[in-house]
Enquirer: 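Sharing a structure below in structure tokens format, with a few things to ask.
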Amino acid sequence: MNQVPKSITINRSSRKSVSLVTLVQLSVLASSLLGFAVLFQLYGSLNESSDWATAALPSPLVGSTGKFLPRVFAIYFPQFHPDPLNDRLWGANFTDWDNLRKAPAVNNKGFPIPRPLDSANLGYYDLRSKDTRKLQSQLASNYGVDGFIYHTYWFYDPAYEPDQPQPVLHAPLMAMKSDGYPNLPFFLNWCAVTWVNVWMGRPVFQDKDAPINKNKALTLQQQYFNATSDMVATHYRWLAQFFEMENYVKIRGEPVFFVYQYSSEMDHILEKLRQFAVEDGYPGLYIILGRGSPPEHLLDTNQITGYAAKKIQRLDSFPSGDLVNQTMTYPYPSDHLNNLTLPRWCQDAQHIPSFPQFGRNKPEIYGLPITFDNTPRREFKTANVWNYGEVDVVVDNFRKRLEVMLTFDSCCWKSSNTVSDRDRDNDERFVAINAWNEWAEGMSLEPSDVHEYRFLDTIREVKNKVLENQCRGPFLLGDHD
């Protein structure tokens with residue numbers, strides 16, 4: 001039986017063309033892979049209107065690299081080291097570990113709040129440590145995580161001096177650039193959001209009578225977009241030092257730059273960043289915008305109504321034309337993710353609907369949270385918890401959702417004249433997991449004292465299962481297109 005490799009070797013190439021992980025060459029596997037009779041276990045709470053399809057899905061998507069599965073990238077949270085901005089806001093040497101340490105043993109649903117597993121040798125780490133980041137790299141490689149998406153913070157704050165560094169929480173990235181760990185493919189996410197005090201704590205400068213609830217939050221650090229060309233050039237020069245790294249993800253030679261949360265006010269910044277990338281010798285800048293929406297092809301979003309519908313960022317609110325290369329449904333927890341199924345058209349390639357992405361015929365990147373529990377950052381009674389319960393139930397929920405997403409990307413999209421004028425580039429195929437280490441919101445693939453290695457095991461097992469199945473049914477289909 002062919003397995004997802006426990007160690008991944010990066011095939012490095014020139015500066016302008018990134019080397020990306022090839023999990024498998026289909027030509028080698030075709031003669032040896034065995035199919036499973038059933039990919040998903042039918043369970044009543046998933047979707048009562050779902051039916052089992054009796055036919056296999058279309059032939060798997062195989063592009064120029066022969067890669068069957070999309071890559072699985074995990075969002076990487078950099079909070080776990082002292083930073084001057086956090087020192088100013090919360091006190092000297094504050095990190096998110098402080099929130100987790102003072103959190104109660106259980107959440108408001110009565111289930112334990114995960115902490116780092118002692119035997120995994122990570123503990124309450126400092127991300128400036130090479131040993132920590134090296135171990136993270138080994139864990140990710142061993143369990144089929146293909147790379148990381150690193151949060152970065154750049155505020156364009158006019159209060160900063162011209163020569164003052166703009167990035168925040170960037171010490172782990174600088175350390176990685178210096179020592180090479182984690183040594184996995186990666187790209188950067190500009191978290192273009194304003195920081196507010198929705199944590200249960202109170203910033204050191206805040207008056208004791210000031211509000212701390214999320215509806216009347218105090219601004220801690222404003223995100224600005226009125227950037228001059230020189231300010232954007234400074235931002236680009238900081239980004240470029242990572243673009244140059246051999247394991248930085250590039251698509252057709254263009255460095256990938258992910259942005260969340262999108263605002264039309266940032267369009268001129270993105271255009272300038274792309275211009276500077278071209279002037280720097282790259283073919284362009286591959287811009288991915290994250291949007292607040294569940295994956296529209298895996299459930300019927302038309303049935304979402306009321307306040308929840310108003311919160312969805314529709315594609316028509318994003319820029320058309322050439323500014324954006326691709327979009328991602330950002331992996332925030334949502335009850336709508338409980339009911340993911342494959343669309344009916346997955347059985348019939350002749351009835352695939354038009355891709356909605358800006359006329360570029362690009363399927364979206366889908367994001368998937370593992371669990372969610374922000375008790376460490378909130379008042380106990382008002383904390384939000386998602387995908388909770390007994391460990392087996394929580395892990396099985398994650399497993400089923402991941403199977404749907406990997407199968408959808410591997411089997412449902414099929415290049416044809418009715419879909420696209422060219423094959424979809426395998427390098428454009430991702431599933432994003434939230435998160436590698438967002439401990440204070442209960443989203444961590446890293447081993448914990450509650451779930452141990454179960455989430456990591458699940459990624460490797462599901463990838464192997466979808467790979468072995470090779471799009472042979474039957475499959476659980478929904479009643480939506």
Enquirer: Test Leu173 against Leu188 for side chain to side chain contact (heavy atoms under 4.5 Å, CB included), laying out the working first.
Expert: CA-CA 10 Å; Leu173 275 173; Leu188 301 180; 3.9 Å; yes
Enquirer: Does the Thr327 side chain pair with the main chain of Leu289, one donor and one acceptor, at a distance under 3.5 Å?
Expert: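 Checking the backbone N and O of Leu289 against the side chain of Thr327, no donor-acceptor pair under 3.5 Å is found.
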Enquirer: Under 6.0 Å between ring centres: does that hold for Trp190 and Phe258?
Expert: no
Enquirer: With rounding to the nearest 0.5 Å, note down the distance linking CD in Glu428 to CD in Glu364.
Expert: 13.0 Å
Enquirer: Could you check whether any side-chain heavy atom of Val106 comes within less than 4.5 Å of a side-chain heavy atom of Thr375, counting everything from C-beta outward?
Expert: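 SC-SC contact between Val106 and Thr375 ruled out.
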Enquirer: Please report whether the ring centroid of Tyr150 lies less than 6.0 Å from that of Phe77.
Expert: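 Centroid separation for Phe77 and Tyr150: 6.0 Å or greater.
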Enquirer: Do the ring centers of Tyr236 and Phe257 come within less than 6.0 Å of each other?
Expert: no
Enquirer: Quick one, Phe430 with Phe187, criterion ring pair (Phe, Tyr, Trp, His ring centres under 6.0 Å). Give me CA distance, side-chain angles, the key distance, then yes/no.
Expert: CA-CA 12 Å; Phe430 300 96; Phe187 58 94; 5.5 Å; yes
Enquirer: Taking all heavy atoms of Val404 and all of Leu342, pick out the closest pair and write down the distance.
Expert: O-CD2, 3.7 Å
Enquirer: Has the side chain of Glu452 got a donor or acceptor atom that lies under 3.5 Å from a matching backbone atom of Asp449?
Expert: no
Enquirer: If I take atom OG from residue Ser448 and atom CZ from residue Phe455, how far apart are they, to the nearest 0.5 angstrom?
Expert: 7.0 Å
Enquirer: Is the backbone of Thr329 close enough, under 3.5 Å, to the side chain of Ser293 for a donor and an acceptor to pair up by distance?
Expert: no
Enquirer: Between Arg454 and Asp392, does any NZ, NE, NH1 or NH2 come within less than 4.0 Å of an OD or OE carboxylate oxygen?
Expert: yes
Enquirer: Using modelled atom types and a 3.5 Å cut-off, is there a donor and acceptor pairing between side-chain atoms of Ser410 and backbone atoms of Thr407?
Expert: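 Absent.
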Enquirer: Quick check on the 6.0 Å ring-centre criterion: do Tyr248 and Phe186 meet it?
Expert: yes
Enquirer: Can you find a pair of side-chain heavy atoms, one from Asn387 and one from Phe372, that are under 4.5 Å apart?
Expert: no
Enquirer: How about Ser137 and Asn183: does a side-chain donor come under 3.5 Å of a side-chain acceptor?
Expert: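 Judged by distance alone, the side chains do pair up.
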Enquirer: Keeping the roles fixed (side chain from Asn397, backbone from Asn338), state whether a donor-acceptor pair exists under 3.5 Å.
Expert: no
Enquirer: Measuring from Ile288:CD1 to Ile251:CD1, what's the distance to the nearest 0.5 Å?
Expert: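 Result: 5.5 Å between the selected atoms.
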Enquirer: Quick one: are Ile433 and Leu445 in side-chain contact, heavy atoms under 4.5 Å?
Expert: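 Touching, per the 4.5 Å side-chain cut-off.
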Enquirer: For the residue pair Met328 and Tyr260, establish whether any side-chain heavy-atom pair is separated by less than 4.5 Å.
Expert: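 With C-beta onward as the side chain, the pair stays apart.
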Enquirer: Can you tell me if Asn426 and Arg429 form a side-chain donor-acceptor pair at under 3.5 Å?
Expert: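 Side chains of Asn426 and Arg429: pair found under 3.5 Å.
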Enquirer: Check the pair Ser444 / Trp436 against side chain to side chain contact (heavy atoms under 4.5 Å, CB included), numbers first and verdict last.
Expert: CA-CA 5 Å; Ser444 179; Trp436 177 258; over 6 Å; no
Enquirer: Mind running side chain to side chain contact (heavy atoms under 4.5 Å, CB included) on Phe398 and Thr371 for me, showing each step along the way?
Expert: CA-CA 8 Å; Phe398 174 60; Thr371 60; over 6 Å; no
Enquirer: Has the side chain of Gln223 got a donor or acceptor atom that lies under 3.5 Å from a matching backbone atom of Trp154?
Expert: yes
Enquirer: Less than 4.5 Å apart, side chain to side chain, heavy atoms only: is that true for Thr152 and Cys191?
Expert: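 When only atoms from C-beta onward are counted, Cys191 and Thr152 do not touch, as no gap falls below 4.5 Å.
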Enquirer: Between Asn434 (side chain only) and Pro331 (backbone N and O only), is there a donor and an acceptor less than 3.5 Å apart?
Expert: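 Yes, the answer is positive, given that a donor and an acceptor are paired below the 3.5 Å cut-off.
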Enquirer: Check whether Asn189 reaches the backbone of Ile149 with its side chain - one donor and one acceptor, N or O, closer than 3.5 Å.
Expert: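 Answer holds: no.
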Enquirer: Given side chains that start at C-beta, do those of Val395 and Val391 come closer than 4.5 Å, heavy atoms only?
Expert: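 Yes, their side chains come closer than 4.5 Å.
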Enquirer: Could you pull out the closest heavy-atom pair between Leu402 and Thr458, with the gap in Å?
Expert: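 Reported closest heavy-atom pair: CD2-O, 4.5 Å.
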Enquirer: Give, for atom CD of Glu403 and atom CG of Asp396, the distance between the pair rounded to the nearest 0.5 Å.
Expert: 8.5 Å
Enquirer: State the CE-OH distance between Met176 and Tyr76, to the nearest 0.5 angstrom.
Expert: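 Nearest 0.5 Å value for the CE-OH distance: 8.5 Å.
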Enquirer: Side-chain contact, heavy-atom cut-off 4.5 Å: Trp439 with Pro376?
Expert: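 Side chain of Trp439 against side chain of Pro376, heavy atoms only: no contact under 4.5 Å found.
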Enquirer: Are Tyr125 and Phe80 near enough that their ring centres are under 6.0 Å apart?
Expert: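 Ring centroids of Tyr125 and Phe80 are less than 6.0 Å from each other.
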Enquirer: Between Glu446 and Gln136, is there a side-chain donor-acceptor contact under 3.5 Å, judged purely by atom types and distance?
Expert: yes
Enquirer: Would the distance check show the side chain of Asn247 and the main-chain N or O of Leu184 forming a donor-acceptor pair, the cut-off being under 3.5 Å?
Expert: yes
Enquirer: Would you name the heavy atoms of Ile304 and Pro294 that are closest together and state the gap between them?
Expert: CD1-CG, 3.9 Å
Enquirer: How long is the gap from CG on Leu340 to NE2 on His297, to the nearest 0.5 Å?
Expert: 13.5 Å
Enquirer: Minimum heavy-atom separation for Val394 to Tyr388, with atom names?
Expert: CG2-C, 3.6 Å
Enquirer: Could Arg377 and Glu438 be called an ion pair, given the rule that one side-chain N must be under 4.0 Å from one carboxylate O?
Expert: yes
Enquirer: Could you walk me through whether Asn469 and Lys465 pass the side chain to side chain contact (heavy atoms under 4.5 Å, CB included) test, one step at a time?
Expert: CA-CA 6 Å; Asn469 189 72; Lys465 187 175 182 181; 5.7 Å; no
Enquirer: Please report the shortest heavy-atom distance between Arg252 and Pro283, naming the atom on each side.
Expert: O-CG, 3.6 Å
Enquirer: Looking at Arg274 and Glu254, is there a salt bridge between them, counting it only when a charged N and a carboxylate O are closer than 4.0 Å?
Expert: no
Enquirer: When you compare the side chains of His235 and Tyr156, does any donor N or O come within less than 3.5 Å of an acceptor on the partner?
Expert: yes
Enquirer: Are any side-chain N or O atoms of Arg115 and backbone N or O atoms of Leu100, one a donor and one an acceptor, separated by less than 3.5 Å?
Expert: yes
Enquirer: Should Phe73 and Asp146 count as side-chain neighbours, where that means a heavy-atom distance under 4.5 Å?
Expert: yes
Enquirer: Where is the tightest heavy-atom contact between Leu406 and Pro70, given as atom of each residue plus distance?
Expert: CD2-CG, 3.7 Å
Enquirer: Among side-chain atoms of Tyr286 and Gln326, is any donor-acceptor pair under 3.5 angstrom?
Expert: yes
Enquirer: Using a 6.0 Å distance limit plus a 45 degree cone around the ring axis, check whether Arg133 lies over the aromatic ring of Tyr181.
Expert: no
